[in-house]
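These notes concern the structure reproduced below.
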Amino acid sequence: MNLILFGPPAAGKGTQAKRLVEQRRMVQLSTGDMLRAAIASGSELGQRVSGIMQRGELVSDAIVVELIEQRLPEAEAAGGAIFDGFPRTLAQAEALDAMLKRRGRQIDLVVRLKVDDEALMQRIAGRFAESGRADDNPESFKVRLDAYNTQTAPLLPYYEGQGKLVEVDGMGTIDQVAAAIDAALAKAG
């Protein structure tokens with residue numbers, strides 16, 4: 001099963017993806033994690049994306065699509081992928097559909113974590129204070145949240161039109177959100 005966890009930054013996608021990895025042995029394809037790993041490696045790609053992410057800007061579709069495509073064989077061997085933070089634009093969604101179709105696969109379910117923007121701002125301020133992650137500073141986060149609302153949220157009709165979109169209240173506890181995701185996965189088969 002291939003699943004997209006959809007929602008703004010700090011909505012809890014990573015937390016829920018990690019739980020699904022542990023319970024269902026799916027592979028989490030987190031573009032944020034992949035990009036942070038590239039930065040940590042000191043690679044040429046990492047150096048290019050470091051400044052982009054620190055400014056809160058989005059990395060180009062071409063780079064992100066390349067990262068995802070490199071990891072698809074691993075996800076297929078595990079029986080499915082959890083796409084976390086990807087796709088974020090219509091062009092990426094179409095590229096993902098085409099990539100998967102070439103491999104005889106598809107997106108089976110899109111789970112949208114519905115959250116309140118103001119609550120996210122409070123959540124991110126706490127996360128930044130704890131972790132100090134450069135891309136979690138409140139100024140960068142506001143840019144990322146605005147980018148999500150203008151560029152990524154318009155993907156909802158794309159997946160709704162395919163009959164794959166399920167909405168989950170992302171403001172509940174981790175366990176409540178997990179139970180709602182599990183129920184959606186059970187329905188999807």
[X] with [Y], same ILVMFWY side-chain cluster at under 4.5 Å:
X	Y	value
Val21	Phe83	no
Tyr148	Met53	yes
Leu113	Leu155	no
Val27	Leu35	yes

Shortest non-hydrogen separation from [X] to [Y] and the atoms involved:
X	Y	answer
Val65	Met99	CG1-CE, 3.9 Å
Pro87	Ile4	CD-CD1, 3.5 Å
Ala17	Gln28	CB-NE2, 3.4 Å
Met1	Ala188	CE-CB, 3.9 Å
Ala119	Met171	CB-CE, 3.2 Å
Pro9	Arg144	CB-NH2, 3.4 Å

As an exercise, state the distance from [atom1] of [X] to [atom2] of [Y], rounded to the nearest 0.5 Å.
X	Y	atom1	atom2	value
Ser60	Ile52	OG	CD1	7.0 Å
Leu3	Met26	CG	CE	5.0 Å
Leu20	Leu185	CG	CG	6.0 Å
Ser131	Ile124	OG	CD1	7.5 Å
Thr89	Glu94	OG1	CD	8.5 Å
Ile82	Ile181	CD1	CD1	9.0 Å

Donor-acceptor contact below 3.5 Å, side chain [X] vs main chain [Y]:
X	Y	value
Gln176	Thr173	yes
Thr150	Asp146	yes
Arg55	Gly51	yes
Ser140	Gln54	yes

### Query
Do you know which of Leu45, Asp84, Ile39, Leu67 makes side chain to side chain contact (heavy atoms under 4.5 Å, CB included) with Met34?
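Between Met34 and the candidates, side chain to side chain contact (heavy atoms under 4.5 Å, CB included) is satisfied uniquely by Leu67.
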
### Message
Among Ile68, Leu29, Asp61, exactly one meets side chain to side chain contact (heavy atoms under 4.5 Å, CB included) together with Phe86. Which residue is that?
### Response
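It is Ile68; the other options fail the test.
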
### Task
Would you please test Asp108 and Lys164 for side chain to side chain contact (heavy atoms under 4.5 Å, CB included) and show each step?
CA-CA 7 Å; Asp108 298 295; Lys164 297 176 180 178; over 6 Å; no

### Task
Could you go through the side chain to side chain contact (heavy atoms under 4.5 Å, CB included) check for Phe6 and Lys13 one step at a time?
CA-CA 7 Å; Phe6 195 70; Lys13 298 180 303 290; 5.7 Å; no

#### Entry: Stepwise salt bridge (charged side-chain N to carboxylate O under 4.0 Å, His left out) check, Arg19 with Asp182
CA-CA 11 Å; Arg19 182 188 65 82; Asp182 288 343; 3.2 Å; yes

#### Entry: Working for side chain to side chain contact (heavy atoms under 4.5 Å, CB included), residues Leu100 and Leu96
CA-CA 6 Å; Leu100 291 173; Leu96 178 60; 3.9 Å; yes

Ion pair [X]/[Y], N-O distance below 4.0 Å:
X	Y	answer
Lys101	Asp97	no
Glu74	Arg71	yes
Glu22	Lys18	no

Student check: side-chain heavy atoms of [X] and [Y] closer than 4.5 Å:
X	Y	answer
Phe141	Leu120	yes
Val115	Pro8	yes
Val177	Asp169	no
Gln92	Val64	yes

### Task
In sequence, state the C-alpha distance, the side-chain angles, and the governing distance for Ile63 and Arg48, and then conclude on side chain to side chain contact (heavy atoms under 4.5 Å, CB included).
CA-CA 10 Å; Ile63 291 171; Arg48 280 193 345 234; 3.2 Å; yes

### Task
Check the surroundings of atom CG in Leu156: do more than 12 heavy atoms from other residues, nucleotides or ligands lie under 6.0 Å from it?
yes

### Task
Would you check, one step at a time, whether the test salt bridge (charged side-chain N to carboxylate O under 4.0 Å, His left out) holds for Arg102 with Glu69?
CA-CA 11 Å; Arg102 284 191 304 270; Glu69 194 158 22; 3.3 Å; yes

